[in-house]
Amino acid sequence: MGEARDVEADEELEELLGFLRDARGFDFTGYKRSSLGRRIRKRMADVEADTYADYRDRLETNADEFNALFNTILINVTSFFRDPDAWTFLQREVVPELLADTGSDEEIRVWSAGCSSGEEAYSLAIMFAEAMGVEEALNRVKIYATDVDEEALRDARSGLYTAKSLEPLSPELRETYFEQNGTRFNFRTDLRRRVIFGRHDITRDAPISRLDLLVCRNALMYFNVEAQRQIIDRFHFALRERGFLFLGKAEMLLNDAERFEVLSMRQRAFRRRPGEAGPPYHSAPAKIRVGLGSEKLTTAARSRQLRDLILDANPAPAIAVDGEGTAVLINSQARAQFGLTSNDIGRPFQDLEISYRPVELRSLIEQATHERRTLRVNGAERRVGEEIQYFDILIQPLMGSNGLLAATNITFTDVTVSTQLKAENKRVREDLETAYEELQSTNEELETMNEEMRTRTEELDEARAFLEGVVTSIAAGVVVLDKDLKVKSWNRGAMDMWGLRPDEVIDEPFFSLDFGLPTEMLRPAVEKCLESGKRTAPSRISAVNRIGRPITCNVLCSPFDRHNGGVVLLLEADRNDGND
């Protein structure tokens, strides 16, 4: 039953993605399902939608919900000169060579794909202005900056950034390229005109052409293998000969040595090799002609020849797919192992579950066909009820006597026993990667929230100034309570002062904790702070620190104005008291 529910949920997710594509033109079908499903479910939980079908109903009745969903899916993470080592490599190794290859009067064309709120595009403008001089950059450099997120593009076009955003820049660069505008800073107007912002979907829209440099950092990681292949095809088409491709730390460009030269795998810098651009980007796989050396062979004879060829080569479970994507042979071992029948021969391979589970085989078939070499997948995991199986999979192009592709042979070797420990390690690693991604998203959201809180009110700045005056020789204790007065955060200062570790107090009712501070004396101030939403006057309370020494503790209660509310307590011993 659990498996049936999972299949039904998968089908509902695909239907929802189709609806988003048709209704709003956002095509997320190429995104990795694990990350995409998790982010959609997060938004569903926020609006209390139990199923994908329920959530689709909400989208159809509430136009504003589209924006909320897209903002949840399209997590925009960027900064000026993000990953400084990579940018240093670009400035020192790539830009000088790019300029040397370009005539003094030739235009330099750059594309920032997935530019988010514009920091990357403006970093490129600064980089070229520093390398060429501002005047020459204004005359020769044109930067195209694209994204699918219209809201992020609006922010990018404004060129307005906070002081916090400019911290990665040296004072000289801030002075040269930004002008203060109230509490924010404007990117200089003349260079901003050389950056052209526009909406563009790298999975669907025609690429910008004749590029000298293409920058796409940490965008490919969200797409599945097939979508990544199609995007790289577009990028190859977009770059001129010996043009440069700059990817992010989370992305690799493997098995494409014929088209791209590796400048630095560590910094993800590549160069398009000379040669024909080849067929342009495709929205669907190209058809491959089948030939067996004799055009007079009948269909039956051809099928027998294919069967003999494959069975001779593979005693293990084997499936053959012709150039039209049709399953032309499924041997008896494969039928028994994967629940297939003779009736599946002649069906489109993509209609068979084995084409995408346990691994996505269709893109691997295309890769093996394109590169004319055998590919191997080791330790692919397949679940059958409660049982887990592991297979090494070989994807092998087969050529006829005339040198044309006859079919692709896929063989499976059962390695379940030998890879049980490897499978366990793989599951742990995948869990850690998922947890890391969630923590990364949470940290990014918290950083945004903290920035808003730091800049929203002058009252908070005054409170910080007051606390900085009080806290002199020792670090203040910081305790965050939620609206139910349970401890949500307990910092190192609080631990040093009272001797309680975070794991002893987190999610515990604050006023039931037993330590050297008489917490009940704080209850009126805390309740007043919760009720009024305003900071209370400091309270002086006699207490005993973690080593049993009497101290006078100054306590300041401030509202915690995020999510469901709460309070922040800052606790500091008098300067004349000890806390060691």
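For this chain, numbers begin at 1 and follow the sequence in order. This one's a predicted model, so the numbers in the text were calculated from it and none came from an experiment.
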task: Start with the C-alpha distance between I40 and L13, add both sets of side-chain angles, then the distance that settles side-chain contact (heavy atoms from CB on, under 4.5 Å), and finish with yes or no.
output: CA-CA 9 Å; I40 293 176; L13 174 58; 3.8 Å; yes
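- Surrounding CD of E175 are at most 12 heavy atoms belonging to other residues, nucleotides or ligands under 6.0 Å away.
- R109 meets the salt bridge (Lys or Arg N to Asp or Glu O under 4.0 Å) test with E107; sequence neighbours excluded.
- Residues E12 and R56 are not paired through a salt bridge, judged by the lack of any N-O separation under 4.0 Å between the basic side chain and the carboxylate.
- In terms of heavy atoms, A129 sits closest to L191 at CB-CD1, 4.0 Å.
- Residues forming a side-chain hydrogen bond (donor to acceptor under 3.5 Å, both in side chains) with D57 (at least two apart in sequence, or on another chain): none.
- In this structure a side-chain-to-backbone donor-acceptor pair under 3.5 Å is present from R217 to R82.
- Side-chain contact between I410 and L394 is absent, with no heavy atoms from C-beta onward closer than 4.5 Å.
- E119 contributes atom CD, which lies 7.0 Å from atom OG of S79 (distance to the nearest 0.5 angstrom).
- Ion pairing between a basic and an acidic side chain is recognised when a charged N comes within 4.0 Å of a carboxylate O; R199 and D147 show no such pairing.
- With a 4.5 Å cut-off on side-chain heavy atoms, L263 and F246 do not count as touching.
- A donor-acceptor distance shorter than 3.5 angstrom exists from the side chain of Q180 to the backbone of G182, with no hydrogens or angles considered.
- Put simply, the side chain of Q367 reaches to within 4.5 Å of the side chain of L375, judged on heavy atoms.
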message: Set out, in order, the CA-CA distance, both residues' side-chain angles and the distance that settles side-chain hydrogen bond (donor to acceptor under 3.5 Å, both in side chains) for S158 and D155, then state yes or no.
response: CA-CA 5 Å; S158 73; D155 293 338; 5.3 Å; no
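- Although no hydrogens or angles enter the test, the distance criterion places a donor-acceptor pair under 3.5 Å between the side chain of R192 and the main chain of F187.
- Side chain of H200 to main chain of A206: a donor-acceptor pair is present (N/O by atom type, distance under 3.5 Å, no hydrogens or angles).
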task: Evaluate the criterion salt bridge (charged side-chain N to carboxylate O under 4.0 Å, His left out) for residue pair R58 and E60; output intermediate values, then yes/no.
output: CA-CA 5 Å; R58 183 178 184 89; E60 289 178 330; over 6 Å; no
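- Taking D85 as the reference, nothing meets the side-chain hydrogen bond (donor to acceptor under 3.5 Å, both in side chains) condition, with sequence neighbours excluded.
- Residues passing the side chain to side chain contact (heavy atoms under 4.5 Å, CB included) test with S123, sequence neighbours excluded: F80, F81, W87.
- At least one donor-acceptor pair closer than 3.5 Å links the side chain of R272 to the backbone N or O of L239.
- Nearest heavy atoms, E167 versus R174: O-NH1, 4.0 Å.
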- request: Take L160 and F185 through the side-chain contact (heavy atoms from CB on, under 4.5 Å) test and state the conclusion after the steps.
  value: CA-CA 5 Å; L160 275 172; F185 293 82; over 6 Å; no
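- Looking only at distances, a side-chain donor or acceptor of N139 sits under 3.5 Å from a matching main-chain atom of E135.
- Using a 4.5 Å cut-off on side-chain heavy atoms (C-beta onward), V110 and K142 make no contact.
- Annotation: side chain of F391 is not in contact with side chain of V359 (no heavy-atom distance under 4.5 Å).
- Looking at every heavy atom in both residues, F349 comes nearest to R362 through CD2-CG, 4.2 Å.
- Results of the side-chain hydrogen bond (donor to acceptor under 3.5 Å, both in side chains) test with D233 over R229, Q230, H236 single out R229 as the only residue that passes.
- Counting all heavy atoms, side chain and backbone alike, L352 lies closest to A327 at CD1-CB, 4.2 Å.
- Counting only heavy atoms from C-beta outward, the side chains of P274 and E241 approach each other to under 4.5 Å.
- By the salt bridge (Lys or Arg N to Asp or Glu O under 4.0 Å) test, E136 is found to be paired with R140, residues two or more places apart in sequence or in another chain being considered.
- In terms of modelled atom types and a separation under 3.5 Å, the side chain of D322 and the main chain of G325 share a donor-acceptor contact.
- In this structure a side-chain-to-backbone donor-acceptor pair under 3.5 Å is missing from R372 to T369.
- For the residue pair S112/E120, the side-chain donor-acceptor check at 3.5 Å is satisfied.
- Under the ring pair (Phe, Tyr, Trp, His ring centres under 6.0 Å) rule, Y122 has a single partner from F197, F178, Y177, F128, which is F197.
- With sequence neighbours left out, N186 forms a side-chain hydrogen bond (donor to acceptor under 3.5 Å, both in side chains) with N181.
- Contact record, L214 with A238: CD1-CB, 4.2 Å, taken as the closest heavy-atom pair.
- For the residue pair I231 and T203, the shortest heavy atom distance occurs at CD1-CG2, 3.9 Å.
- At a threshold of 4.5 Å between non-hydrogen side-chain atoms, the residues D50 and M44 do not count as touching.
- Looking only at distances, no side-chain donor or acceptor of T176 sits under 3.5 Å from a matching main-chain atom of L173.
- The cationic group of R184 does not satisfy the cation-pi geometry with Y161, failing either the under 6.0 Å distance to the six-membered ring centre or the 45° limit from the ring axis.
- Contact annotation: the side chain of R234 never approaches that of I202 to less than 4.5 Å [non-hydrogen atoms, C-beta and beyond].
- Judged by distance alone, with hydrogens and angles left aside, the side-chain atoms of R240 form no donor-acceptor pair with the main-chain N or O of D212 at under 3.5 Å.
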